[in-house]
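Notes follow once the structure below has been shown.
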Amino acid sequence: DIQMTQSPSSVSASVGDKVTITCRASQSISSYLNWYQQKPGKVPKLLIYIASSLQSGVPSRFSGSGSGTDFSLTISSLQREDFATYYCQQTYNTPKTFGQGTKVEIK
Amino acid sequence: QVQLVQSGAEVKKPGASVRVSCKASGYTFTSYEINWVRQATGQGLEWMGWMNPNSGDTGYIQKFQGRLTMTRSTSISTAYMELSSLRSEDTAVYYCVRVGLYGDAADYWGQGTLVTVSS
């Protein structure tokens, strides 16, 4: 199975900050990497697919990059509604494993 | 609009089975793969397996082999997830998700079904 490792596990930031979360795969996954946002008590929401494609309706302050084994999700200017937990997921092969999550908290 | 509506919360005793349903609407049910994902309280997301609603083909992760069954009824656009021999560690919210056409991302999620396993 492909292991997905996110870092950091949590980050404290202020409104307006630029935040970057990384995700590393245990083997190459080409660009088959997706990012999800989950707010407390809510259903996860797709933000980015195929490493860098923005899902319809997602604000442009979210961006994704990377290929192979190293990927990142960047929030260019953190807004209050962005405080949540973010998960990466590889869909290169099954099982389609998730990272352990990164919690973005208010500083 | 695309919707996945899941059945309600369940409380089961250890050793019992649970079946969760997921009714799809707003798209052609047989054209998109369905996956199931679970999340224990305060924990991360765990991908459980996949089903092709057109063929009925399925695949499950190793830890669930023999306990997990995914089925569907195409006539009512509904997917089902049955987990047997329940243990306390199966207590979680279970989500059905639609796999989109690009990158196999989970583009639509059901609202989740809480399954509690307790004696």
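Lettering of chains follows the sequences in order, A, B, ..., and the numbering in each one begins at 1.
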*asked:* When you compare the side chains of A/Thr85 and A/Gln38, does any donor N or O come within less than 3.5 Å of an acceptor on the partner?
replied: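 Side chains of A/Thr85 and A/Gln38: no pair found under 3.5 Å.
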
_We want to know whether A/Thr22 and A/Ser7 form a side-chain donor-acceptor pair, criterion being a heavy-atom distance below 3.5 angstrom._
yes

*Is it the side chain or the backbone of B/Ile61 that comes within 4.5 Å of chain A heavy atoms, both, or neither?*
side chain

*What part of B/Gln39 lies closer than 4.5 angstrom to a heavy atom of chain A: side chain, backbone, both or neither?*
side chain

*Give, as side chain, backbone, both or neither, the part of A/Pro40 having an atom under 4.5 angstrom from any heavy atom of chain B.*
neither

*chain B contact via A/Tyr36 - which portion, at a heavy-atom distance below 4.5 Å*: side chain

*With sequence neighbours left out, what residues match B/Tyr27 under ring-ring contact (aromatic ring centres under 6.0 Å, His included)?*
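By the ring-ring contact (aromatic ring centres under 6.0 Å, His included) rule, B/Tyr27 matches B/Tyr32.
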
Within the 4.5 Å heavy-atom criterion, are [X] and [Y] side-chain neighbours or not?
X	Y	result
A/Pro44	B/Leu45	yes
A/Ser52	A/Ser65	no
A/Val58	A/Gln37	no

_Ionic contact status for A/Glu81 with A/Arg61, cut-off 4.0 Å_ = yes

*Side-chain donor/acceptor of B/Gln6 to backbone N/O of B/Gly112, under 3.5 Å*: yes

*Going by residue number, which parts of residues 63-100 of chain B are within reach of chain A, meaning a heavy-atom gap below 4.5 Å?*
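If one takes a 4.5 Å heavy-atom cut-off, the residues of residues 63-100 of chain B near chain A are B/Tyr95, B/Val99.
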
_Which of B/Ala105, B/Gly49, B/Gly44 touches chain A most, by non-hydrogen pairs under 4.5 Å_ =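 Of the options given, most contacts go to B/Ala105.
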
